[in-house]
Number of protein chains: 2
Amino acid sequence: MNMQLDPIDRRILRLLQRDASVSHDDLGAQVGLSRNACWRRVRALEQAGFIKKRVVLIDPDQVGLGLTVFLMIRTDRHGPDWLDQFAKATRDIPEILGAYRMTGDLDYLVRVRVADVAAYDTLYQKLIRRVEMADCSASFVMEELKETTELPL
Amino acid sequence: MNMQLDPIDRRILRLLQRDASVSHDDLGAQVGLSRNACWRRVRALEQAGFIKKRVVLIDPDQVGLGLTVFLMIRTDRHGPDWLDQFAKATRDIPEILGAYRMTGDLDYLVRVRVADVAAYDTLYQKLIRRVEMADCSASFVMEELKETTELPL
DNA sequence: TATGAAAAGTTTGTAGA
DNA sequence: TCTACAAACTTTTCATA
């Protein structure tokens, strides 16, 4: 299914990525559509893959995951098997929330959520046991100014 | 309200942060609880602030936001008013999805989602017009190995 | 092709055994 | 706790533009 996003779809997405707990009645009212005209559009957006999933966002501090760490990684192995191994490791380790191959002089950036510095060290040991890295330096987040899943639409 | 997370709560959170579209019936079945008992726990988790919000996750590529950029920022103004101004700017600019004050020699790290390099440049201009920065270097994401909102529970 | 109204089917939240 | 009920919400059907 191919689809072009019209202004109403955009508004629906904008509202749903802010709060997906609204009813189709309310959502419809907010975009000026009937209950099921709105429902149809949401379903279409789901089927077309615009909406990937519905999730609950958990407060990391409340569950004891107070520390975000960014790892800047450089490798000297640029073959596909190193990347495979690294990609698999990042997928397997649940503390790793993000992993990105980058331009510039750092090769990879990894975003991690852990309880504290001790937990970070455990994770670091786990990671270097699984993948060889020429250089890996950690930067700790002191303050989270912003952190959102809302895309600019 | 204060609460200690028991193993069933943990499992509920783990399931809901993967897929919040399940009914309380299904969720209850998966954690071995009646519909009602499960519903109560979910409500308690919401009220205690473990569950911050319910949202829809949108595929960035499908809405034409194919490029993630990380900005590494250094400032020479370490007063509270610079930080205020910077924090406000990051909140106001919807393309900025994350902004972090860091340890180490880079002061701030900013995560950005835009359509392409041209859109990035527009955003960059917007940002430097609002806050003074001693140094700001961009790193573009070539490949997203992992990107999740699921916390390790 | 997209809509709205209404009816049917589910789920949710509450109250009583 | 559990069961049962009422309210709310979701989804289908159908008629219309």
Side-chain angles (χ1 to χ4, degrees), chain A residues 1-63 148-153, chain B residues 1-65 115 148-151 153:
Chain A
M1 192 193 192
N2 204 359
M3 248 180 92
Q4 188 47 32
L5 267 193
D6 79 10
I8 295 182
D9 289 325
R10 239 160 231 282
R11 283 175 65 199
I12 289 174
L13 290 179
R14 225 182 293 145
L15 291 164
L16 286 181
Q17 69 174 346
R18 206 154 288 166
D19 179 12
S21 71
V22 291
S23 70
H24 289 143
D25 254 344
D26 282 6
L27 188 61
Q30 286 184 77
V31 300
L33 237 51
S34 79
R35 193 198 342 240
N36 62 345
C38 180
W39 173 79
R40 262 161 208 281
R41 278 177 186 256
V42 173
R43 192 187 52 172
L45 289 166
E46 260 157 0
Q47 288 179 345
F50 286 94
I51 293 175
K52 273 196 303 189
K53 40 158 81 172
R54 284 164 185 275
V55 299
V56 134
L57 299 181
I58 294 169
D59 186 338
D61 295 322
Q62 285 239 37
V63 293
T148 183
T149 57
E150 274 178 54
L151 301 180
L153 294 175
Chain B
M1 189 192 194
N2 203 1
M3 248 179 90
Q4 186 49 31
L5 267 195
D6 79 9
I8 294 182
D9 288 326
R10 240 161 231 283
R11 283 175 65 199
I12 289 175
L13 290 179
R14 224 181 294 147
L15 290 164
L16 286 180
Q17 69 174 345
R18 206 154 287 165
D19 179 12
S21 70
V22 291
S23 70
H24 288 147
D25 247 341
D26 282 5
L27 187 62
Q30 285 183 77
V31 300
L33 236 53
S34 79
R35 194 210 334 220
N36 212 285
C38 179
W39 172 79
R40 262 160 203 285
R41 281 184 186 249
V42 172
R43 193 188 49 173
L45 289 166
E46 259 156 1
Q47 287 179 347
F50 286 93
I51 294 175
K52 271 195 305 188
K53 42 157 86 172
R54 287 165 184 273
V55 300
V56 135
L57 299 181
I58 294 169
D59 186 337
D61 295 322
Q62 284 238 40
V63 294
L65 295 167
T148 183
T149 56
E150 275 178 53
L151 301 179
L153 295 175

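Note on naming: letters A, B, ... go to the chains in the order of the sequence lines (proteins, then strands), and numbering restarts at 1 for each one.
In this structure, A:Arg41 places its CZ atom 5 Å from P of C:dT3, rounding to the nearest Å. Taking atom CG of residue B:Asn36 and atom P of nucleotide D:dA4, one finds them 13 Å apart after rounding to whole Å. One can place CZ of A:Arg40 at 10 Å from P of C:dG4, the figure rounded to the nearest angstrom. Note: CZ (A:Arg35) to P (D:dC14) measures 18 Å, nearest angstrom. Between the P atom of D:dC9 and the CG atom of A:Asp26 lies a distance of 7 Å, rounded to the nearest Å. As rounded to whole Å, 6 Å separates atom P of D:dT11 from atom NE2 of A:His24. One interatomic measurement links the two molecules: CZ of A:Arg54 to P of C:dT11, which rounds to 15 Å at whole-angstrom precision.
With hydrogens and angles disregarded, a donor-acceptor distance shorter than 3.5 Å links the side chain of B:Gln17 to the backbone of B:Leu151.
By the 4.0 Å N-to-carboxylate-O rule, A:Lys52 lies too far from B:Asp61 to be salt-bridged with it.
A donor and an acceptor atom never sit less than 3.5 Å apart when one is taken from the side chain of B:Asp25 and the other from the base of C:dT10.
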- Query: So A:Ser21 and A:Asp19, side-chain hydrogen bond (donor to acceptor under 3.5 Å, both in side chains) or not? Walk me through it.
  - Reply: CA-CA 6 Å; A:Ser21 71; A:Asp19 179 12; 2.7 Å; yes

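Nucleotides of DNA chain D nearest to B:Ala37 and A:Ser23 differ in position, and the one nearer the 5' end is that of B:Ala37.
Here the shortest heavy-atom pairing between A:Val42 and A:Arg54 reads CG1-NH2, 3.7 Å.
Residue-level contact check: A:Ser34 touches the bases, meaning some heavy atom is under 4.0 Å from a base atom.
Residue A:Trp39 has its side chain nearest to D:dT10 when only C:dT3, D:dT10, C:dT14 are considered.
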